[in-house]
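Only a predicted model underlies this, so the values are computations on that prediction, with no experimental measurement involved. Residue numbers begin at 1 in each chain, while the letters A, B, ... track the order of the sequences.
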Amino acid sequence: MRLSMIDNLVIVESPAKAKTIEKILGKEFHVTSSMGHIRDLSKKDFGIDLKNNYRPEYIVPDDKKKIVSELKKLVKDAKMVWLASDEDREGEAIAWHLSQELKLDPAKTRRIVFSEITKNAIQSSIQNYRNIDENLVNAQQARRILDRLVGFELSPVLWKKVKPSLSAGRVQSVAVRLIVEREREIINFKTSSSFKAIGTFEYKDGNNKNHQLKAESNKKFNDKKDAVTFLEKCIGSTFKVLDVTKKPSKKSPSPPFTTSTLQQEASRKLGFSVAQTMSIAQKLYEAGFISYMRTDSVNLSQFALDSIEKVIKKEFGNEYAHIQNYITKTKGAQEAHEAIRPSYVEKREIEGNNSEKRLYDLIWKRTVASQMSDAQFEKTIANIEVSKASEKFVAQGEVFKFDGFLKLYIESSDEENEEETKGLLPPLIVNQILSPIEILAIQRFSINPPRYTEASLVKKLEELGIGRPSTYAPTISTIQNRGYVIKEDREGKQRQFITLKLKGSEITELSQLEHYGKEKAKLFPDNIGMIVNDFLVEYFKEILDFNFTARVEKEFDDIASGKMQWTKMIDSFYKPFHKNVENTLEVSDYSKGEKELGIDPVSGKPVIVRMGRYGPIVQIGENVAHSEEKPKYASLLKGQQLETITLEEALELFNLPRKLGDFEGKEMIVSIGRFGPYVRHDAKFYSLKKDVDDPYKISPERAIEIIVDKRETDKNRIIKTFKEDPDIKILNGRWGPYISFKKLNFKIPKGSEPSSLTREDCLKIIESPQVKKKQRNNK
DNA sequence: CAGTGAGCGAGCTTCCGCTTGACTT
């Protein structure tokens, strides 16, 4: 079916948005989408003519050619083209690129903008059309060109001075820096401990009724001696209530979700990675369940506010509604969209898989809670005097007066705060004498700064105004893909802590174990991340500065408001920057993170760690040209870092390969290869079991066991072969049975019995279109 | 991801922001 003459063609960025808008505008308007940017800088020679005042060379990337040719067809038939891309710098540039690439006639082209998809907003935008804002477009061109210059000049410096294929950029390099510097803070963190006293007291009130309460000392004690001294003073002291203060307090709801806060809460509450959150949100958006998921705005449309108010009043009662619009405080926010909210808040639940349901539920609760009343408390603080000591005890209580938004939604926090003993306090009166039941002084250790999670890194970047909602998730992926950063769990450790207990007039000491330092899905810098970071911070301080983006953003704003010419801005940045690049190429050494750990007691030679071609290594002795004596090398184990490895750990690496004695007349040798620790026997390799066997300590008996076990599983490996076709084999693998065919492997569909498959069945699986598609995608 | 434990050296790698594709006639 071909659409006849379309009078009005509207072009937006996203197809899902196009669908909704078309419904609103009716059949006189055809709404289509550009799928974001349709042109980009060519990759040849930067795509920038440096000799010609930074003239950009734009091309249509291959994956956009189809869209552009379709748009060209549509435009030809239209009497009026409405460019409705987002109301921000990038959106303005998209509109401009469209007008250029589609060669739109200015007389038949109108630029319109709306930041919410409602009938009113869209119809009024049609009334208030304008021309493309060239200053804003120039600000975007400056942004794009600056990023290209930085990225495409810095990355090759790294290829020459550190390692090929590495990358650097205005956003990613600062993200890595944050993680590297945080890790160093943690490495250098000196744990200290102190004691805090917690007393349990009781008293009888006028009606002879017994009450109990807990109170904490108002001061910490630096060491055990001070804590004991305090407890000794408590013996025979009287404990008197000095004062009781009551004051009201309140807690307000958080604003509705932006991309960044959604990623943070989905990470804390649901354990999603930022990429997971975004792809689930995309599904919800495409299904029409939520508004657009890439936004920095906390604004809600009047339509949304009205329907949320109705829902709150119906579900919770009138006193729970407190309709308000929040103000976006984020640095550099462009606010082209609404906050992330349910499209129809009346819809409490959606159809979809479990993750989609959970994310929708989170968005629903957060949105509705944002329009609910403050929670009201009454806080009580009582100071308790200790007659023989200058320190006091403080009892704190908190009572709900009104739960407000907390009835629906409690925001999580990144800090794992210690539980405080806050609850209801019994009625206290001044000068009341309390009798101590027991007083504990518990040793508490200071906690190092927390490592970043993906989501808390996004939060930090957003605070610095670095990156945009559409790039948070890809940036986090990039720094992991380059090997700069690894997302990992870490086992916690154990330590002892002391509890001193005063009961009656006796002080006893108790030693207990506590777990600490357990990490889940935290970002750790890897060796190469640290080396690259140190190199960039040393030679390109300006770019790596946390305020670099903020500074250039200011200049982009000046371009947007017509106060500055974009080519001048780029020129004054690029001239000194490029000079610095050339200078760095000349003066800097090849950077491999080299560090001397000490002297090898056996040979008397220095022990050096550094990055080798295939990863981090340790060497004994220097590499002297033309010398016959070569240094000895050993690779670092997985998880060992150049930054933290000790001399002892480094020397231990040379205890491999280790001879383990003979088995069946052949020697067994233990060592560590690319794929981890192994035993070699009779020219065959047998992997040691991860986290079970230690190559430095494994016994010959255990090694033989591993060899025999492996032979057994290998025997069971072959399920079926075909005489007529030796290329096809049905095998048992780590993930169950599979078909092996000329170095390629194929899953066996559910429900088929592997041993009864015929050659024809196998060929069918190998030739099936789904499998072929998958192979293409893996390329 | 499907089973390794080597070592020549050509040619390529890379940025940040917008956005979802994918398949015939």
Any Ser470(A) side-chain nitrogen or oxygen under 4.0 Å from OP1 or OP2 of dG17(B): no
Rounded to whole Å, the NZ-P distance (Lys710(A) to dA2(B)) equals 14 Å
What contact category does Thr478(A) fall into here, base, sugar-phosphate, or nothing, at under 4.0 angstrom with non-hydrogen atoms? sugar-phosphate
Tell whether Ser167(A) reaches the base of dT14(B) with its side chain through a donor-acceptor pair below 3.5 angstrom. no
Charged N to carboxylate O under 4.0 angstrom, Lys575(A) versus Asp571(A)? yes
Strand contacts (DNA chain B) in residues 60-70 of chain A, 4.0 angstrom heavy-atom criterion: Lys66(A)
Where do Phe546(A) and Ile466(A) come nearest, in terms of heavy atoms and distance? O-CD1, 4.0 Å
Side-chain contact check for His37(A): nearest option of dC18(B), dC16(B), dT19(B) is dC18(B)
Just say parallel, tilted or perpendicular for the rings of His97(A) and Tyr58(A), cut-offs at 30° and 60°. perpendicular
Determine whether a donor-acceptor pair (N or O, by modelled atom type, separation under 3.5 Å) exists between the side chain of Gln480(A) and the backbone of Ile476(A). yes
Sugar-phosphate only, base, or nothing, as touched by Ala168(A) at under 4.0 Å among non-hydrogen atoms: sugar-phosphate
Separation of atom CD1 in Ile145(A) from atom P in dT14(B), rounded to whole Å: 21 Å
Are Phe152(A) and the base of dT14(B) stacked, counting only ring centres nearer than 5.5 Å and planes tilted under 30°? yes
Can you figure out which of dT14(B), dA6(B), dT19(B) approaches the side chain of Pro156(A) most closely? dT14(B)
Would you mind telling me which of dG17(B), dT20(B), dT13(B) lies closest to the side-chain atoms of Glu90(A)? dG17(B)
In the structure I gave you, are the side-chain heavy atoms of Phe152(A) and Pro156(A) within less than 4.5 Å of one another anywhere? no
Hey, which sits more toward the 5' end of DNA chain B by its nearest nucleotide, Arg143(A) or Arg294(A)? Arg143(A)
Taking NZ, NE, NH1 and NH2 as the nitrogens, is one of them in Lys44(A) or Glu57(A) under 4.0 Å from a carboxylate oxygen of the other? no
Starting from P on dC18(B), measure out to NZ on Lys17(A) and report it in whole angstrom. 12 Å
Can you tell me if Ser155(A) touches the phosphate of dC15(B), counting only side-chain N or O atoms and a distance under 4.0 Å to OP1 or OP2? no
Look at Ser33(A) and dT20(B) and indicate whether a side-chain polar atom (N or O) is within less than 4.0 Å of OP1 or OP2. no
Could you pick out which residue, Arg170(A) or Glu153(A), lies toward the 5' side of DNA chain B when each is mapped onto its nearest nucleotide? Glu153(A)
Ignoring the backbone of Asp88(A), work out which of dC18(B), dT20(B), dT13(B) is nearest its side chain. dC18(B)
Compare all side-chain heavy atoms of Arg170(A) with those of Arg143(A) and state whether any distance is below 4.5 angstrom. yes
For the pair Arg89(A) (side chain) and Leu136(A) (backbone), establish whether a donor and an acceptor sit closer than 3.5 Å, ignoring hydrogens and angles. no
Closer than 4.0 Å, any side-chain N/O of Gln172(A) to the OP1 or OP2 of dC16(B)? yes
Can you tell me if Tyr686(A) touches the phosphate of dG5(B), counting only side-chain N or O atoms and a distance under 4.0 Å to OP1 or OP2? no
Base, sugar-phosphate alone, or nothing: which one does Gly467(A) contact when heavy atoms must sit under 4.0 Å apart? sugar-phosphate
Look at the side chain of Pro15(A) and decide which nucleotide, out of dG17(B), dT19(B), dT14(B), has an atom nearest to it. dT19(B)
Quick one: does Arg468(A) reach the base of dC18(B) with a side-chain donor-acceptor pair under 3.5 Å? no
Can you classify the ring geometry of Tyr285(A) versus Tyr292(A) as parallel (below 30°), tilted (30 to 60°) or perpendicular (above 60°)? perpendicular
Holding to side-chain contact (heavy atoms from CB on, under 4.5 Å), I want the full list of residues that pass it with Ser34(A), two or more places apart in sequence or in another chain. Ile11(A), Glu13(A), Ile38(A), Leu71(A), Ile94(A), Leu98(A)
Mind calculating the distance between CG (Leu136(A)) and P (dC18(B)) to the nearest angstrom? 12 Å
Over how many whole Å does the gap from Tyr484(A) atom OH to dT14(B) atom C1' extend? 9 Å
Lys554(A)/Asp557(A) ion pair, N-O < 4.0 Å: no
What's the CE-C1' distance between Met35(A) and dA22(B), to the nearest Å? 12 Å
Per-nucleotide pairing state of DNA chain B [Watson-Crick or G-U, under 3.5 Å; [ ] pseudoknot-crossing; | other strand]: .........................
